[in-house]
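Nothing here was measured: the structure is a model prediction, and the numbers come from that model. Labels below follow one simple rule: chain letters A, B, ... track the order of the sequence lines, proteins then strands, and each chain is numbered from 1.
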There are 2 protein chains.
Amino acid sequence: MPTARPTIADVAQRAGVSKGLVSFALNDRPGVSPQTRERILEAARELGWQPNLRARALSVDRAFALGLVIMRDPEIITGDPFYPSFIAGVERELASAGQALVLSVVPDEAAELAAYRKLVTDRRVDGVFVTDLRHDDARIALAAELGVPAVTLGHPEAPSPFPAVSMDDRAGIAAAVDHLAGLGHRRIAHVAGPDRMLHGSRRRRAFEEAMAAAGLPAGMVVETEFRAVDGARATRDLLARPDRPTAIVYANDPMAIAGLGIAQRAGLRVPHDLSITGFDGSDVGEHLFPSLSTVATDAVSWGAVAARVLLRSIAGEEPGDTDLPPARFVPRESTAPVTEPTDRTVP
Amino acid sequence: MPTARPTIADVAQRAGVSKGLVSFALNDRPGVSPQTRERILEAARELGWQPNLRARALSVDRAFALGLVIMRDPEIITGDPFYPSFIAGVERELASAGQALVLSVVPDEAAELAAYRKLVTDRRVDGVFVTDLRHDDARIALAAELGVPAVTLGHPEAPSPFPAVSMDDRAGIAAAVDHLAGLGHRRIAHVAGPDRMLHGSRRRRAFEEAMAAAGLPAGMVVETEFRAVDGARATRDLLARPDRPTAIVYANDPMAIAGLGIAQRAGLRVPHDLSITGFDGSDVGEHLFPSLSTVATDAVSWGAVAARVLLRSIAGEEPGDTDLPPARFVPRESTAPVTEPTDRTVP
DNA sequence: CTGAAAGCGCTTACAG
DNA sequence: CTGAAAGCGCTTACAG
């Protein structure tokens with residue numbers, strides 16, 4: 001049990017004023033004479049008074065907190081660096097603004113919607129982040145129905161009443177394809193994220209467009225989940241094809257790292273026999289041999305900006321959409337010129 | 001703006017009873033006749049009444065939330081799988097208990113202490129998790145001073161008033177060393193986490209004890225941070241030594257993965273020239289070539305149990321300490337018998 | 001500039 | 001079994 005903490009009433013008594021005046025003084029509102037204000041502040045200091053956010057929350061009908069709901073299978077951690085970085089960026093803004101982050105991790109879509117709803121009806125948060133957008137994303141309508149401010153990462157497909165903070169990932173994919181094309185690759189494949197996810201299908205489309213723009217034949221595309229295990233399977237399938245690709249563009253780093261493992265396991269030398277690119281710039285990819293060429297996204301900034309935008313929405317402003325600097329391709333060792341075309345198939 | 005939501009007063013009016021009785025009925029407390037209770041519940045349902053947690057929090061002096069503070073450099077994400085899994089486990093318990101998780105991510109120790117303090121004095125949480133214990137960990141005393149229930153992951157060194165939920169990681173390290181010794185390795189090194197962290201120094205001690213128990217000469221130990229980049233540097237140093245090890249036991253997976261990269265880059269074949277083991281069982285390690293032998297810890301269960309224990313503490317019970325099943329060694333491809341001893345040094 | 005009062009939406013003794 | 005009232009710790013009109 002914490003010992004009973006002083007309340008505003010104790011401060012008022014000590015300063016010899018009313019509770020109301022204490023509140024005014026503490027919140028720097030006009031209408032308090034300098035001397036009285038000083039006396040009140042002094043009393044609060046002496047008593048070690050700390051505002052009780054719960055009481056404040058009830059009075060002003062604000063939670064002073066933001067909600068983030070993450071959907072993922074708890075048993076399968078892909079080592080995806082996005083959320084840790086994103087959250088770190090969010091926190092950087094929140095701490096100084098006196099806000100907190102309420103985090104929900106849920107296993108599936110039904111639980112996800114329920115989590116958003118509960119966060120809001122419980123009055124736990126004043127606004128929510130909507131990440132990992134999907135086609136026909138039910139969360140937009142839900143947030144609108146609940147009347148809660150929200151910010152989306154990227155633009156949803158349907159019209160949305162919420163500001164979007166976007167980072168163009170297509171430029172990064174295009175740069176990867178161009179880089180590979182420049183190295184002489186023609187049979188380039190893409191291991192894509194699930195089509196139901198906007199960034200899955202958007203990166204895929206970017207890949208297809210970049211291939212066309214480079215004058216290359218339509219590349220092979222394997223759609224799968226964003227997990228390492230799926231990247232491995234997709235790679236195995238691609239390498240088993242008679243027209244096996246000489247380069248593979250992966251939609252994220254865990255898939256690419258697993259793909260690298262599969263290729264090496266099959267006896268291919270990366271990058272000489274097969275070039276590989278990832279996406280999202282995981283820390284570990286930099287230390288592999290060969291180090292992973294990837295598309296770097298600044299998830300920390302994304303989190304910080306999204307938090308700022310959400311806070312402004314909550315404050316009643318209408319922030320409008322924000323475009324972050326596009327993701328950029330970071331060539332490392334896993335991409336190289338095609339050596340002589342080989343017809344060797346993989347067992 | 002959400003439209004004004006019905007309050008308990010609206011329900012009372014509709015049911016024709018007092019607010020107090022509504023509260024009793026809604027909280028399933030005795031002293032309400034079945035018919036009245038039914039009438040009240042009916043009214044609440046018709047009105048779509050939802051409890052306002054803010055008001056409840058103020059009344060009962062509870063936040064219905066738990067706090068987790070994570071310290072890490074936002075720019076350096078190691079792909080450490082521990083926290084995502086741990087949090088997923090925590091959430092599994094919280095959702096059903098009507099509790100929420102408030103997360104703080106901070107860059108350094110000063111900010112960490114400030115974050116705990118703020119979480120508690122703001123009355124945002126009813127209890128806190130203390131993870132990544134250090135020597136002379138100031139957080140124990142702080143939590144005690146703040147009078148907030150806490151649960152520690154592992155046993156702090158100083159006497160602690162809080163229940164500990166522990167997972168013996170020494171058994172896993174010992175198993176790794178035994179495995180390597182059984183394969184004929186004698187020059188085994190350990191890339192350790194920082195000595196200031198309990199699990200850093202504990203794993204190191206476990207390594208040293210296991211070496212002695214196996215009748216091997218004291219192994220080389222390099223102490224460093226838990227990041228991939230540090231694992232890489234430590235490995236480079238070890239491999240440059242004239243008496244370079246034939247096996248390296250790493251204190252976590254990101255370090256081991258980076259070490260694998262360094263070894264391969266130096267022209268060593270893993271596991272033939274160098275065996276490698278990790279710790280924590282990251283998803284991606286399984287898909288490398290060679291796949292990473294590691295020590296698997298069940299972070300999801302750890303989170304779930306810690307949450308349960310903390311909830312019981314908050315409820316006024318005295319849970320006592322809990323020991324989880326020990327971490328276990330998972331041999332994969334990165335460990336193999338020593339081939340002929342080689343004196344080849346690495347450039 | 002200052003005070004006294006009502007209110008936020010709940011819970012909880014205290015009486016009947 | 002039920003009601004009326006006070007209280008949690010703040011904020012905020014409303015009067016003076």
Side-chain angles (χ1 to χ4, degrees), chain A residues 1-44 47-65 98 120-124 126, chain B residues 1-41 43-44 47-65 98 120-124 126 315:
Chain A
M1 290 304 143
T3 75
R5 283 185 359 192
T7 74
I8 208 175
D10 300 316
V11 176
Q13 194 189 339
R14 184 179 194 101
V17 297
S18 71
K19 283 168 32 182
L21 206 55
V22 172
S23 176
F24 271 64
L26 260 11
N27 290 312
D28 269 334
R29 293 173 51 148
V32 187
S33 73
Q35 309 95 296
T36 318
R37 174 188 309 277
E38 196 37 61
R39 192 150 40 90
I40 292 172
L41 262 29
E42 175 70 19
L47 256 26
W49 177 85
Q50 300 278 131
N52 183 327
L53 213 59
R54 292 211 279 254
R56 206 153 114 75
L58 183 59
S59 285
V60 303
D61 201 31
R62 289 262 278 111
F64 304 107
V120 175
T121 58
D122 276 354
R123 318 286 224 183
R124 294 205 107 120
D126 300 318
Chain B
M1 294 301 143
T3 75
R5 283 188 355 194
T7 75
I8 208 176
D10 300 317
V11 176
Q13 193 189 341
R14 185 179 193 100
V17 297
S18 71
K19 280 169 35 183
L21 205 55
V22 171
S23 175
F24 271 64
L26 259 12
N27 290 314
D28 267 335
R29 293 174 51 148
V32 187
S33 74
Q35 310 94 295
T36 319
R37 174 189 308 278
E38 195 37 61
R39 193 150 39 92
I40 292 172
L41 263 28
L47 255 26
W49 177 85
Q50 300 279 131
N52 182 326
L53 214 59
R54 288 208 284 251
R56 207 152 113 75
L58 182 60
S59 287
V60 302
D61 201 31
R62 289 260 280 111
F64 305 106
V120 175
T121 57
D122 275 355
R123 317 286 223 185
R124 294 205 107 121
D126 300 318

Exercise for the section: Ignoring the backbone of A:Ser23, work out which of D:dT11, D:dA4, C:dC10 is nearest its side chain. Expected result: D:dT11
Completion exercise
Separation of C:dG3 atom C1' from A:Arg37 atom CZ, nearest Å, is 17 Å
Exercise for the section: Examine C:dT11: is either OP1 or OP2 under 4.0 Å from a nitrogen or oxygen in the side chain of B:Asn27? Give yes or no. Expected result: yes
Completion exercise
When rounded to whole Å, the CG to C1' distance for the pair A:Leu26 and D:dG9 reads 12 Å
Problem - B:Phe24 vs B:Arg54, nearer the 5' end of DNA chain C by closest nucleotide - result: B:Arg54
Problem - Nearest-neighbour nucleotide for the B:Thr36 side chain, D:dC10, D:dC1, C:dT11 considered - result: D:dC1
Problem - Rounded distance (Å) that lies between atom P of D:dG3 and atom CD of B:Gln13 - result: 14 Å
Fill in the blank from the handout: The residue among B:Asp10, B:Val11, B:Thr7 that forms side-chain contact (heavy atoms from CB on, under 4.5 Å) with B:Val22 is B:Val11
Exercise for the section: Ignoring the backbone of B:Thr7, work out which of D:dT12, C:dG9, C:dT11 is nearest its side chain. Expected result: C:dG9
Completion exercise
Encoded 5' to 3' (Watson-Crick or G-U under 3.5 Å; [ ] crossing; | other strand), DNA chain D becomes |||.||||||||.|||
Practice task
Among the candidates D:dC10, D:dT12, C:dC10, find the nucleotide nearest to the side-chain atoms of B:Arg56.
Solution key: C:dC10
Completion exercise
From the candidates C:dT11, D:dT12, D:dC10, the one with an atom nearest any side-chain atom of A:Val60 is D:dT12
Practice task
Kindly point out which of D:dA6, C:dT2, C:dT12 is positioned nearest to the side chain of B:Lys19?
Solution key: D:dA6
Exercise for the section: Please tell me which of the listed nucleotides, D:dC1, D:dT11, D:dC8, lies nearest to the side chain of B:Ser59? Expected result: D:dC8
Problem - Candidate nucleotides D:dG3, C:dT2, D:dC10, ranked by approach to the side chain of B:Leu21 - the nearest - result: D:dG3
Exercise for the section: Could you check whether A:Val22 gets within reach of a base, just the sugar-phosphate, or nothing at all, counting any heavy atom under 4.0 Å? Expected result: nothing
Exercise for the section: Using atom CD1 of B:Ile8 as one end and atom P of C:dT12 as the other, report the distance to the nearest whole Å. Expected result: 11 Å
Completion exercise
Regarding the side chain of A:Leu58, the nearest nucleotide among C:dC10, D:dA4, D:dG9 is D:dG9
Completion exercise
A:Ser33 has its side chain closest, among D:dT2, C:dC1, D:dT11, to C:dC1
Handout entry: Sugar-phosphate, base or nothing in reach of B:Asn52, heavy atoms under 4.0 Å
Key = sugar-phosphate
Fill in the blank from the handout: Here the distance between atom P of C:dC10 and atom CZ of B:Phe64, to the nearest Å, is 12 Å
